[in-house]
Trainee: 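Provided herewith is a single structure, encoded as structure tokens, for subsequent inquiry.
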Amino acid sequence: MQQEYHPAEIETAVQKQWHEQKTFRAVEDPNKEKYYCLAMFPYPSGQLHMGHVRNYTIGDVISRYQRMQGKNVLQPMGWDAFGLPAENAAIKNKVPPASWTYDNIDYMRDQLKRLGLGYDWERELATCTPEYYRWEQWLFTRLFEKGLVYKKTAAVNWCPVDNTVLANEQVVDGCCWRCDTPVEKREIPQWFMKITDYAEQLLDDLDQLDGWPEQVKTMQANWIGRSEGLKIKFGIVDNDQTLDVYTTRPDTLMGVSYVAVAAQHPLSIKAAESNPELQDFIEECRKMETSEAAMETADKKGVATGLMAIHPVTGEQVPVWAANFVLMGYGTGAVMSVPAHDQRDYEFAQQYNLPINQVIEPIDDSESDLSKAAFTSKGRLINSQQFDGLTFADSFDAIADFLVEQEKGEKQVNYRLRDWGVSRQRYWGTPIPIINCPDCGAVAVPSEDLPVRLPEDVIVDGSGSPIKSMPEFYQCACPKCGADAERETDTFDTFFESSWYYARFTCPDNEDVMLDERANYWLSVDQYIGGIEHAVLHLLYARFFHKLMRDEGLVSGDEPFKNLLTQGMVLKDGTKMSKSKGNTVDPQALIDKYGADTARLFTMFAAPPDQSLEWSDKAVEGSYRFLNRLWRAVHEHIEQGKVTKLDVDSLSDDLKNIRRHIYQTLTKVSDDIGRRHTFNTAIAAVMELMNTLNKFNDNSDQARAVMQEALEKAVLMLSPITPHICHQLWRDLGHDEAIVDMAWPEVDESALVQDKVDLMVQVNGKLRSKVSVAADADKESIEAAALADDNVKRFIDGKEIRKVIVVPGRLINIVVAG
RNA sequence: GCCGGAGUGGCGGAACUGGUAGACGCGCUGGAUUCAAAAUCCAGUUACUUCGGUAGUGGGGGUUCGAUUCCCCCCUCCGGUACCA
């Protein structure tokens, strides 16, 4: 055994052995309990960052631990390879996105291998290959036939100078990030997936996800946003059109003082023909940012359209306003406004001098002052004619019944969730497999013609997608009638690819079908690990896809991810690492200097996985020092020669205490890794054990036998976290079998038995002393021991004891008067 | 704006079910070793203190014998907000 710890040598040799022996190849075996562990695959941006190191180390620790538990583990890795950065790099460096992406993948694959992550590399996939994306094209055409996709116009950010569509992140303060031109909205036809058809299931099935963090389920439930309300029809004066609104507060219907519609609403556009002020307003709204955050924080503005709506109950006329806070693409594009009982309507009404009609009063007859703010609580109806005196629930039914009878409304369940717009006007993505025929309309590309391949040898210059000016790509014949037709040149949202990769990993080599029977062996994913930033969108889309694939007969379960671990961000100086801030840490430098085990140990030790992790060069050195101490401890032990057999019955109290510490540590570490995923506390516990061993100075035969036992357990416990050094130390401790194939150690319960325990003694909740009592002492004797303690006496002397609380195994609290 | 989190020594964090606040690591201080330094090892390290104690987990209130933990209000920071992934 080498005297010094040389991580580079050890790590290279161990990784070579894993590679040659195909250690991490996953083979379906119905007789073994499977465990599918998946970390969110990376976008191949060029090099690994610390967030990747953290994400993939967490996955690897869990995978290796489960392997030691005897599970048949699948841990795959691949590349989320389509996306905007490749196009940006292409513009900057004049390199086609494809070659840039493939080069990045090659480099990052080596980096992952150097970290010693136990992946089955035979299952590697990249989403930008036709072998992968052909199957999502195929699924899309199936959904097209089923009517689950449709086309409608929707707004995009448009830069009139660059003549291109901008992503939300490319809009900075309402202007184009590259040329600073004010961004405009443009309505263009786009493809949508009917995720709203699955809204109810996506909400209800959250209950199945016991292994998901509550906060993520809450965020998804809020995002889906199920509500029960009324759809109400308003007539328009001198107009045969009607206006539908949806409200969750039909009890306030009699307080409606105006109706607000989106600027883009057909009624508003029609009215603008003879209204220059409204025209200007519509134009102004066209320049607003499309993001929800921008819409909600913008000043609320509106213009009267001049149209009057007819109240469905009273028949009274209320004005129709065009307002910038009403979205055309959401709901009916119109809302009824009740200033007295909705804060936003209240502020709008004050700004434009619209009437504020109170129709709800507090149920407890307390004051409701409408001069300062709206009264938004539910209460009792007033000023509401035949509905006066009703509660919220009663008025809901009464008003619904009334409107149904009049054919002016009905009860409706509504969802905040909107259908998923999947069209992107970008090049580097999966071509949407649709052909537009002048006669037949939109026609799905027949499955025998799939995949629709994206041309890779192109020049991207920032003036729009190159395939939009490539007749050789878009010119084609209609599959139905044979007439000249054109392909879609839009591509899919990249969330499309990441919505089903977890399933394709089970059978990535199948060239004939999207998924085969192996999917049902491995799925669902037993542990999914990724950033909290994906809590809503990615995870919701993947859940949606799973249900689509289930309904297509491709998979059997309802949900893709059984357990979810959301990791926090890696920070430096308290903020997110980013190139623009110049505070990035290159993991490669870390690995080169200290080795993969130190990088892994540091990222697991610095914080629990779901919290943000603060980077520290000094703490990395500390991790490296610990591995050196571990190495030295094993080395010094081995140097003393052969170890005799352990004789548990002959041990001194000191040695019994050491053995108890070993198995207390093992109990804690098993729970920390297996259940809690708090790797930081697991590592701390092993460090504590090592500190104890270090202080222990006994060269007797039995002491050395206990030391051998301690070091073996410590190495086994650390092996999922720092597998390379543990591989070597395990060998050095005299074992022929590779540690990666060892079982997780079992706890020797007899070593844990204790005859005395220390209990804390409090007086009035303040710690005053501690007493040592027999482990099986009864309440009375514990109480007596506490009251007899000298320091306790000082605090209770001459005072009346009101009560004594004894918490077994923990503490005694003596409550005294005064 | 809305939804979801987080806030504990000089720093990262621990305290899992309401029961010893600060485990473990970093840093710092002192010591050993060294010609010297690095490395390593040992000891100490929340603040205040009359050395008895007292205060203390973002701020303010509450429940409890007992609150970092539960409840209410507020502040700050972070994530998401539907075309970044």
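Just so we're on the same page: letters track the sequence lines, and every chain starts at 1. What you see is a predicted model, and the numbers here were worked out from it, not measured in a lab.
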Trainee: If you find the nucleotide of RNA chain B closest to A:Tyr541 and the one closest to A:Glu296, which residue's nucleotide is nearer the 5' end?
Mentor: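 On the 5' side of the pair lies A:Glu296.
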Trainee: Indicate the atoms forming the closest heavy-atom contact of A:Asp80 with A:Tyr43, along with that distance.
Mentor: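 Between these two residues, the closest heavy atoms are O-CD1, 3.0 Å.
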Trainee: What integer distance in Å separates A:Arg768:CZ from B:U54:P?
Mentor: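 Between P of B:U54 and CZ of A:Arg768: 4 Å.
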Trainee: Pick the P atom in B:A36 and in B:U49, then give their distance to the nearest Å.
Mentor: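 Rounded to whole Å, the distance is 38 Å.
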Trainee: To the nearest Å, give me how far apart CD (A:Glu497) and C1' (B:A85) are.
Mentor: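 In whole Å, B:A85 C1' lies 12 Å from A:Glu497 CD.
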Trainee: Under a 3.5 Å cut-off on both pairing distances, which runs of 3 or more consecutive Watson-Crick or G-U pairs involve RNA chain B?
Mentor: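 Stem segments, range with range: B:1-7 with B:75-81, B:10-12 with B:24-26, B:27-32 with B:40-45, B:46-48 with B:53-55, B:58-62 with B:70-74.
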Trainee: Output yes when at least one side-chain N/O atom of A:Arg625 is less than 4.0 Å from OP1 or OP2 of B:G27, else no.
Mentor: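 Affirmative; the distance criterion is met.
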Trainee: Give me the distance, rounded to whole Å, that separates B:G79 from B:C72 when you measure between the P atoms they each carry.
Mentor: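 These two P atoms come out 26 Å apart once rounded.
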Trainee: Closest heavy-atom contact between A:Met40 and A:His534?
Mentor: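 That would be SD-CD2, 3.4 Å.
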Trainee: Choose from B:G5, B:G19, B:C16 the nucleotide whose nearest atom is closest to any side-chain atom of A:Gln215.
Mentor: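 Among B:G5, B:G19, B:C16, the one nearest the side chain of A:Gln215 is B:G5.
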Trainee: Flag the pair A:Phe545 / A:Phe496 as yes when their ring centroid distance falls below 6.0 Å, and as no otherwise.
Mentor: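 Yes, close enough.
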Trainee: Which residue, A:Ser291 or A:Ile683, contacts RNA chain B at a nucleotide closer to its 5' end, judged by nearest heavy atom?
Mentor: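 Counting from the 5' end, the first nearest nucleotide belongs to A:Ile683.
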Trainee: Tell me what A:Gln762 touches on the nucleic acid: a base, only sugar-phosphate, or nothing, going by heavy atoms under 4.0 Å.
Mentor: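 Base, at least one base heavy atom under 4.0 Å.
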Trainee: Once you apply a heavy-atom cut-off of 4.0 Å, does A:His534 come out as touching a base, just sugar-phosphate, or nothing?
Mentor: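 Here A:His534 touches the bases of the nucleic acid.
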Trainee: What contact category does A:Lys770 fall into here, base, sugar-phosphate, or nothing, at under 4.0 angstrom with non-hydrogen atoms?
Mentor: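 No contact at all - A:Lys770 keeps every heavy atom at 4.0 Å or more from the nucleic acid.
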Trainee: Strictly distance-based, threshold 3.5 Å: is any side-chain N or O of A:Arg286 a donor or acceptor partner for the main-chain N or O of A:Glu184?
Mentor: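 Absent.
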Trainee: Could you work out which one of B:A55, B:G19, B:G1 sits closest to the side chain of A:Asn813?
Mentor: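 Among B:A55, B:G19, B:G1, the one nearest the side chain of A:Asn813 is B:G19.
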Trainee: Determine the contact category for A:Arg632: base if any of its heavy atoms lies under 4.0 Å from a base atom, sugar-phosphate if only primed atoms, P, OP1 or OP2 are that close, otherwise nothing.
Mentor: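 Contact class for A:Arg632: sugar-phosphate only.
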Trainee: Tell me, yes or no, whether the heavy-atom count around A:Asn163 atom CG, taken from other residues, nucleotides or ligands under 6.0 Å, exceeds 12.
Mentor: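 Counting other residues, nucleotides and ligands, CG of A:Asn163 exceeds 12 neighbours.
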Trainee: Expressed as a whole number of Å, how far does the P atom of B:G7 sit from that of B:A55?
Mentor: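 Rounded to whole Å, the distance is 24 Å.
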Trainee: Ignoring hydrogens and angles, does a donor from either the side chain of A:Asn222 or the base of B:C3 sit under 3.5 Å from an acceptor on the other?
Mentor: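 For A:Asn222, whose side chain was compared with the base of B:C3, there is no donor-acceptor pair (under 3.5 Å).
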Trainee: How far does the C1' atom of B:C24 sit from the matching atom of B:G18, given to the nearest Å?
Mentor: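 Straight-line distance between the two C1' atoms is 25 Å.
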Trainee: Mind checking if A:Pro42 touches a base, just sugar-phosphate, or nothing, with heavy atoms under 4.0 Å?
Mentor: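 No contact at all - A:Pro42 keeps every heavy atom at 4.0 Å or more from the nucleic acid.
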Trainee: Quick check: does any side chain N or O of A:Glu783 sit under 3.5 Å from a backbone N or O of A:Val806, one acting as donor and the other as acceptor?
Mentor: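 No.
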Trainee: Looking only at side-chain atoms of A:Leu767, point me to the closest of B:G79, B:A21, B:A85.
Mentor: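 It is B:A21.
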Trainee: Classify the nucleic acid contact of A:Phe492 as base, sugar-phosphate or nothing, counting any heavy atom under 4.0 Å across all strands shown.
Mentor: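 Touches nothing.
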Trainee: What pair of heavy atoms forms the shortest contact from A:Val326 to A:Ala260, and how long is it?
Mentor: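 Taking every non-hydrogen atom into account, CG2-CB, 3.9 Å.
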Trainee: What nucleic acid atoms does A:Leu84 come within less than 4.0 Å of, heavy atoms only: base, sugar-phosphate, or nothing?
Mentor: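 Sugar-phosphate: the residue A:Leu84, judged by heavy atoms under 4.0 Å, touches backbone atoms but no base.
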Trainee: Counting any heavy atom closer than 4.0 Å, what does A:Thr218 reach on the DNA or RNA strands: base, sugar-phosphate only, or nothing?
Mentor: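 Sugar-phosphate contact only - A:Thr218 comes under 4.0 Å of backbone atoms but never of a base.
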Trainee: Could you tell me how far B:G13 sits from B:C26 if I compare only their P atoms? Round to whole Å.
Mentor: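 It comes out at 16 Å once rounded to the nearest Å.
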Trainee: Of the nucleotides B:G19, B:C65, B:A43, which has the atom closest to the A:Leu811 side chain?
Mentor: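 For the A:Leu811 side chain, the nearest candidate turns out to be B:G19.
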Trainee: Does A:Lys618 place a side-chain N or O at less than 4.0 Å from the phosphate oxygens OP1/OP2 of B:G10?
Mentor: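 For A:Lys618, the contact criterion (side-chain N or O under 4.0 Å from OP1 or OP2 of B:G10) is not met.
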Trainee: Please report the distance, rounded to the nearest Å, between CE in A:Met219 and C1' in B:C78.
Mentor: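 After rounding, the reported distance stands at 12 Å.
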Trainee: I want to verify a distance call: between B:C16, B:G53, B:A82, whose nearest atom is closest to the A:Glu292 side chain?
Mentor: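 In terms of side-chain proximity for A:Glu292, the closest of B:C16, B:G53, B:A82 is B:A82.
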Trainee: At 4.0 Å (heavy atoms only), tell me whether A:Ser623 reaches a base, stays on the sugar-phosphate, or touches nothing.
Mentor: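 If one applies the 4.0 Å heavy-atom cut-off, A:Ser623 turns out to touch nothing in the nucleic acid.
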Trainee: If you look at every strand shown and take non-hydrogen atoms under 4.0 Å, does A:Trp223 touch a base, only sugar-phosphate, or nothing?
Mentor: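 Touches a base.
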Trainee: Rounding to an integer number of angstrom, what distance separates B:U69 and B:G58 when you compare their P atoms?
Mentor: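 Taking atom P in both B:U69 and B:G58, they lie 8 Å apart.
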Trainee: Can A:Asp419 and A:Lys194 be counted as an ion pair, charged N to O under 4.0 angstrom?
Mentor: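 Judged by the 4.0 Å cut-off on N to carboxylate O distance, A:Asp419 and A:Lys194 do not form a salt bridge.
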Trainee: If we take the C1' atom in both B:U76 and B:G60, what is their distance in whole Å?
Mentor: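 Here B:U76 and B:G60 have their C1' atoms 15 Å from each other.
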Trainee: So, does A:Arg676 get its side chain near the phosphate of B:A15, meaning an N or O under 4.0 Å from OP1 or OP2?
Mentor: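 For A:Arg676, the contact criterion (side-chain N or O under 4.0 Å from OP1 or OP2 of B:A15) is met.
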Trainee: Give one of base, sugar-phosphate or nothing for A:Ala293, where a contact means two heavy atoms less than 4.0 Å apart.
Mentor: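 Result for A:Ala293 = base.
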Trainee: Any base atoms under 4.0 Å from A:Met569, or only sugar-phosphate, or nothing? Heavy atoms, all strands.
Mentor: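 A:Met569: backbone/sugar contact only, no base atoms under 4.0 Å.
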Trainee: Can a side-chain donor-acceptor contact be found between A:Trp420 and A:Asp493 if the only test is distance below 3.5 angstrom?
Mentor: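 Yes, side-chain donor-acceptor contact under 3.5 Å.
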Trainee: Within the supplied structure, the quantity of interest is the number of heavy atoms (other residues, nucleotides, ligands) at a distance under 6.0 Å from A:Lys779 NZ; does it exceed 12?
Mentor: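 Check fails, neighbour count at 12 or below.
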Trainee: For B:A23 and B:U46, measure between their C1' atoms and round to the nearest Å.
Mentor: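 My reading of the C1' atoms in B:A23 and B:U46 gives 15 Å.
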Trainee: So A:Arg810, base contact, sugar-phosphate only, or nothing? Heavy-atom distance under 4.0 Å.
Mentor: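 If one applies the 4.0 Å heavy-atom cut-off, A:Arg810 turns out to touch the sugar-phosphate alone, with no base involved.
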Trainee: Using a heavy-atom cut-off of 4.0 Å across all strands, would you classify A:Gln611 as base, sugar-phosphate, or nothing?
Mentor: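 The residue A:Gln611 makes sugar-phosphate contact but no base contact.
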